[in-house]
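Below is one structure, written out as structure tokens; comments come after it.
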Amino acid sequence: MSSRSEITEIPIIDWNLIENGQKDQFLCQLRHAFVVVGFAYLKNPPVDPTLIDQMIKFAPRLFDLPQEEKNALSMVNSPHFMGYNRLGNEITRGKVDVREQFDFVTDSTPTWKQGDPIYLKYNGPAQWPNEISLPGFKATVTEYLQQLGKLGVEFMSLLAESLHLPRDIFDKFYESPKESSSHMCKIVKYPVLDASLGNQGVGPHYDSSFLTLLLQASAQPGLQVQSPSGQWIDAKPIPGTLVVNLGKGKFCTLEASA
């Protein structure tokens with residue numbers, strides 16, 4: 001097994017090992033990926049491929065909506081931090097990010113009240129595009145998030161198994177029951193860089209989420225992760241995979257940039 005200082009590529013772990021009765025091999029690869037590296041590609045994830053194709057096709061149509069329609073969904077209108085941020089509105093490590101993005105969540109009932117932990121403010125409805133402007137978008141994203149949420153819960157149980165821990169060791173970090181937990185997503189557009197706006201799509205950062213499952217929706221490279229030795233490693237798009245990141249909870253913390 002390589003030491004952390006020798007990391008030069010992101011490992012690929014194949015969900016088909018689970019489906020084909022090779023769970024022990026999958027767990028071994030999983031343990032290596034998140035104890036030694038900190039990121040992984042998950043190949044053949046148990047998510048409907050048709051649904052993934054629909055998400056990829058919807059993304060450019062979402063950003064092609066008229067600017068006034070996108071502005072109407074601005075995040076500043078949402079107490080749950082969901083909605084639209086226009087180009088140049090995000091800043092990472094003191095530099096402007098050249099990206100447009102939408103944040104969505106599986107709709108839930110607001111539960112936050114004065115004195116509650118701030119993270120409970122995320123519970124609530126998303127801001128969705130008009131169904132007339134983008135028919136089927138809400139249903140597609142909601143189903144996609146539900147399938148990823150189911151995968152995420154099982155993935156964390158498998159990670160616990162790979163570390164020889166009880167499968168439910170991470171359950172305390174979920175809402176109870178964990179099946180009712182909200183699932184969030186960002187849909188991000190990185191335009192061709194304009195020198196007047198800077199050269200940073202999004203700066204180096206740690207994901208704040210418990211688990212990130214990233215679909216790279218085009219063949220355009222850009223995502224990088226940083227090894228403990230400081231080397232930036234390209235996370236080139238690989239069809240049929242999701243990039244997996246455990247955010248600040250991962251065992252070997254790598255930074256990401258795009």
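The first residue in the sequence is number 1, and the count goes up from there.
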Tell me the closest heavy-atom pair linking [X] and [Y], and the distance in Å.
X      : Y      : value
Asp234 : Tyr41  : O-OH, 4.4 Å
Pro166 : Ala160 : O-CB, 3.3 Å
Gln216 : Ile238 : OE1-N, 4.4 Å
Asn77  : Ala72  : ND2-O, 3.3 Å
Thr106 : Thr142 : CG2-O, 4.4 Å
Gln147 : Leu51  : NE2-CD2, 3.6 Å

Residues 124-135, side-chain donor-acceptor partners within the protein, below 3.5 Å, at least two apart:
{"residue": "Gln127", "atom": "NE2", "partner": "Leu73", "partner atom": "O", "Å": "3.0"}
{"residue": "Gln127", "atom": "NE2", "partner": "Ser74", "partner atom": "O", "Å": "3.0"}
{"residue": "Gln127", "atom": "NE2", "partner": "Met82", "partner atom": "O", "Å": "3.0"}
{"residue": "Trp128", "atom": "NE1", "partner": "Asp107", "partner atom": "OD1", "Å": "3.4"}
{"residue": "Trp128", "atom": "NE1", "partner": "Asp107", "partner atom": "OD2", "Å": "3.3"}
{"residue": "Asn130", "atom": "OD1", "partner": "Ile132", "partner atom": "N", "Å": "2.7"}
{"residue": "Glu131", "atom": "OE2", "partner": "Gly136", "partner atom": "N", "Å": "2.7"}
{"residue": "Ser133", "atom": "OG", "partner": "Glu69", "partner atom": "OE1", "Å": "2.8"}
{"residue": "Ser133", "atom": "OG", "partner": "Glu69", "partner atom": "OE2", "Å": "3.3"}

Working to the nearest 0.5 Å, report the span between [atom1] of [X] and [atom2] of [Y].
X      : Y      : atom1 : atom2 : answer
Ser162 : Leu27  : OG    : CG    : 6.0 Å
Met55  : Leu62  : CE    : CG    : 9.0 Å
Ile56  : Ile187 : CD1   : CD1   : 11.5 Å
Asp171 : Ser157 : CG    : OG    : 6.0 Å
Leu42  : Ile12  : CG    : CD1   : 10.5 Å
Leu242 : Trp15  : CG    : CH2   : 11.0 Å

Answer whether the closest heavy-atom distance between the side chains of [X] and [Y] falls below 4.5 Å.
X      : Y      : value
Thr241 : Pro45  : no
Phe39  : Val243 : yes
Asp103 : Met184 : no
Gln146 : Lys150 : no

Look at the side chain of [X] and the backbone N and O of [Y], then say whether any donor-acceptor pair between them is shorter than 3.5 Å.
X      : Y      : result
Arg31  : Leu163 : no
Thr212 : Leu214 : no
Trp112 : Asp116 : yes
His80  : Asn123 : yes
Asn20  : Leu17  : no
Lys70  : Phe63  : yes

Exercise. Under the side chain to side chain contact (heavy atoms under 4.5 Å, CB included) criterion, do Leu158 and Lys23 qualify, and how do the steps go?
Worked result: CA-CA 9 Å; Leu158 289 167; Lys23 184 178 179 181; 3.7 Å; yes
Problem set entry | Stepwise salt bridge (Lys or Arg N to Asp or Glu O under 4.0 Å) test for Glu154 and Arg167 | CA-CA 9 Å; Glu154 177 61 17; Arg167 275 179 57 88; 2.9 Å; yes
Problem set entry | Lys/Arg N to Asp/Glu carboxylate O, Glu9 vs Lys236, below 4.0 Å |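 No.
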Exercise. Where do Phe58 and Val141 land on the side chain to side chain contact (heavy atoms under 4.5 Å, CB included) test, with the steps shown first?
Worked result: CA-CA 9 Å; Phe58 264 126; Val141 174; 6.0 Å; no
Problem set entry | Test item: side-chain donor near acceptor, Gln101 and Tyr190, under 3.5 Å |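 Checked: Gln101/Tyr190 side chains show no N/O donor-acceptor pair below 3.5 Å.
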For this session: Show the numbers, then the answer: is there a side chain to side chain contact (heavy atoms under 4.5 Å, CB included) between His183 and Leu148?
Result: CA-CA 8 Å; His183 308 295; Leu148 282 191; over 6 Å; no
Exercise. Taking only residues at least two apart or on different chains, which pairs with a member in residues 42-62 satisfy side-chain hydrogen bond (donor to acceptor under 3.5 Å, both in side chains)?
Worked result: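 For residues 42-62, and leaving out neighbouring residues, the side-chain hydrogen bond (donor to acceptor under 3.5 Å, both in side chains) pairs sorted by first residue read Asp14-Asn44.
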For this session: Measure from the ring center of Phe104 to the ring center of Tyr84 and say whether it is less than 6.0 Å.
Result: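 Between Tyr84 and Phe104, which both carry aromatic rings, the centre distance is not below 6.0 Å.
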Exercise. Hey, mind stepping through Gln22 and Asn16 against side chain to side chain contact (heavy atoms under 4.5 Å, CB included) and telling me if it holds?
Worked result: CA-CA 8 Å; Gln22 298 172 282; Asn16 278 349; over 6 Å; no
